[in-house]
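Numbers restart at 1 for each chain; the letters A, B, ... are given by sequence-line order, proteins then strands.
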Amino acid sequence: MDASWRDHLVDEGDGTMRIKAHGAMRVDARLVTDMGHMMRHGDDRGPEQLVNTASLPGIVGEAWAMADWHYGYGFPIGGVVATDVNEGELGGAVSPGGVGFDINCGVRFLALDATKDDIPNLKKLAGRLAGRIPAGGSGKGGVDLSRQDLNELLMGGASAALDLGFGLDSDLPMLESKGCLPTQEANVSQRAVERGLKSLGTLGSGNHFLELQTVGQVVDERTATAWGLHEHQLVAMIHSGSRGLGHQVCTDHVRSLESTYRQTDQGWTNDAWGYTLADRQLAAAPIHSREGQAYLDAMNAAANFAFANRAVLAERLRTVLRLELGVDGEARTLYDVAHNIAKVEDHHVNGKGCTCCVHRKGATRAFGGDHPEVASVFSTTGQPVVVPGDMGTGSWVMAGPINGSNQAFGSSCHGAGRALSRAQAKKLLDGKTLKRDLENRGIRVHASTPNVLSEEAPDAYKNVDDVIKLTQRAGLARPVARMNPLAVIKG
DNA sequence: ATGTGC
């Protein structure tokens, strides 16, 4: 990799910077950023990775990095890369690295008809949540599933979870893709199955969390009202994904695809498909090839497991809220978004219709209110875009366009974005001090290890408010309301 | 992100 992209960098002055196509790039790259933001994030590897993705076969439009971009596996986190599914004989590329290891990592956002004053005892509530929400690397505490149950979940996602007794009928329309992506065979490896049988309803570790929050500042009153949100209201975010099952699906397909590439003077080449990639971690298959279809089918099954996982976590949260708040504890799902996914969608590229495989890796869909996939309750506002920040600072809910799409294939940022690597954060930040500071501010924190607190400390992340401002400036989504943390359960 | 390595 090289840093020559700096010679091709242009500030567009609209909250984005462009890297003009050079070398093997087929399209320009575009970062949601400005010079100040770029300077504060000295790691060149993210833009380098974005440049690499711009040479993927079939790529259309521009290779995008959302405002929370940072270094990832092959593709940067925050990457939005679309390929034409009708290019050539077998279609454009689909790449497991463009989705990431935590397939359908995402956020469920719930709202209560209550305020902080309705909580009899926050400390007790937080303690009970910590007791009921299995978190951390151990993977203990998941629902014991039969092989048959797991298969239903892989095929049916949140709707299958509902059939097993997790969730409410009224949840389903509020989930991206109604909580179910199409899979023919749910053909995931035996190893992936074994990892799925015990992990349903567990949070995981790293940046995954469950957070009880209050609505702080409402900046778009009309939209907030349409969504039933108001200042001081209690809300909750559940951030989790497909756990070990999705990780295994990604590992299986990354390994088998990477093994079809050999090193050449230009990079990494697959002779059968005539693909040459700058980085082996971009390993990709044509979308209509056997390998491409096998990946997409397994990826969708893993995505369904993630939708089901968030449904079970929501059920566990609801149980605690009912116990602690009584009738005030009813929580409705406002929305549930996927952060790590590849989807076949219709978009306009250079004024022409194009059916694309849109990779969103650490990026959220942000469709307009008139899109047929968006529930009719959002027709006058655009879809909710849930953007968790970090545990000390706060989180946002944004909205997609009222009508139509945006210039990044209907996408927006997914969080604050790391500013420090986990290793740097562990070295520089002290978890115990952080916990004390947060609790002095009235925020209850339960974490499975002190390390996770330093790795996930506010200072390890970019400023979420800056990320939201850039996203708005780039015209990708508009801020609706900012949430303040109240109780945090971390893996 | 991850039964934190192949």
> Between S205(A) and dT4(B), does any side-chain N or O lie under 4.0 Å from OP1 or OP2?
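For dT4(B), neither OP1 nor OP2 has a side-chain N or O of S205(A) closer than 4.0 Å.
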> Find the distance K198(A):NZ to dT2(B):P and express it as a whole number of Å.
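One finds 18 Å between P of dT2(B) and NZ of K198(A), rounded.
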> Flag the pair T53(A) / L282(A) as yes when at least one side-chain heavy-atom distance between them is below 4.5 Å, and no otherwise.
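When only atoms from C-beta onward are counted, L282(A) and T53(A) do touch, with a gap below 4.5 Å.
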> Under 4.0 Å, counting only non-hydrogen atoms across every strand here, what does R255(A) touch: a base, just sugar-phosphate, or nothing?
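Sugar-phosphate, no base atom in range.
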> Which whole-number value in Å describes the distance from R191(A) CZ to dC6(B) P?
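Atom-to-atom, R191(A) to dC6(B), this comes out as 10 Å.
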> What's the NE2-P distance between H247(A) and dT4(B), to the nearest Å?
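Those two atoms, NE2 and P, are 9 Å apart.
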> Could you state the CG-P distance from N340(A) to dT2(B), rounded to the nearest angstrom?
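Checked: the CG to P distance equals 11 Å.
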> What is the distance, to the nearest angstrom, from the CD1 atom on I77(A) to the P atom on dT2(B)?
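Value for this atom pair: 13 Å.
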> Taking only residues at least two apart or on different chains, which pairs with a member in residues 287-300 of chain A satisfy side chain to side chain donor-acceptor pair (under 3.5 Å)?
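Side chain to side chain donor-acceptor pair (under 3.5 Å) check on residues 287-300 of chain A returns T183(A)-D297(A).
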> Take the protein atom CD of E258(A) and the nucleotide atom P of dC6(B), then report the distance between them rounded to whole Å.
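Rounded to the whole Å, the gap is 11 Å.
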> Take atom CG of D252(A) and atom C1' of dT2(B), then tell me their distance rounded to the nearest Å.
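In whole Å, dT2(B) C1' lies 13 Å from D252(A) CG.
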> What is the nucleic acid contact for G206(A), judged by heavy atoms within less than 4.0 Å: base, sugar-phosphate only, or nothing?
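Touches sugar-phosphate only.
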> Between dG5(B) atom C1' and Q248(A) atom CD, what is the distance in whole Å?
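Distance, rounded to whole Å: 13 Å.
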> With N151(A), which residues qualify under side-chain hydrogen bond (donor to acceptor under 3.5 Å, both in side chains), at least two apart?
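Once residues adjacent in sequence are excluded, N151(A) has no partner under the side-chain hydrogen bond (donor to acceptor under 3.5 Å, both in side chains) criterion.
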> On the six-membered ring of Y71(A), is R45(A) placed so that its NZ or CZ lies under 6.0 angstrom from the centre and within 45° of the ring axis?
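Output yes; distance and angle both within limits.
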> Over all strands shown, is G204(A) touching base, sugar-phosphate only, or nothing at heavy-atom distances under 4.0 angstrom?
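Sugar-phosphate, backbone atoms only, no base.
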> Counting any heavy atom closer than 4.0 Å, what does G244(A) reach on the DNA or RNA strands: base, sugar-phosphate only, or nothing?
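Counting heavy atoms under 4.0 Å across all strands, the contact made by G244(A) is with sugar-phosphate only.
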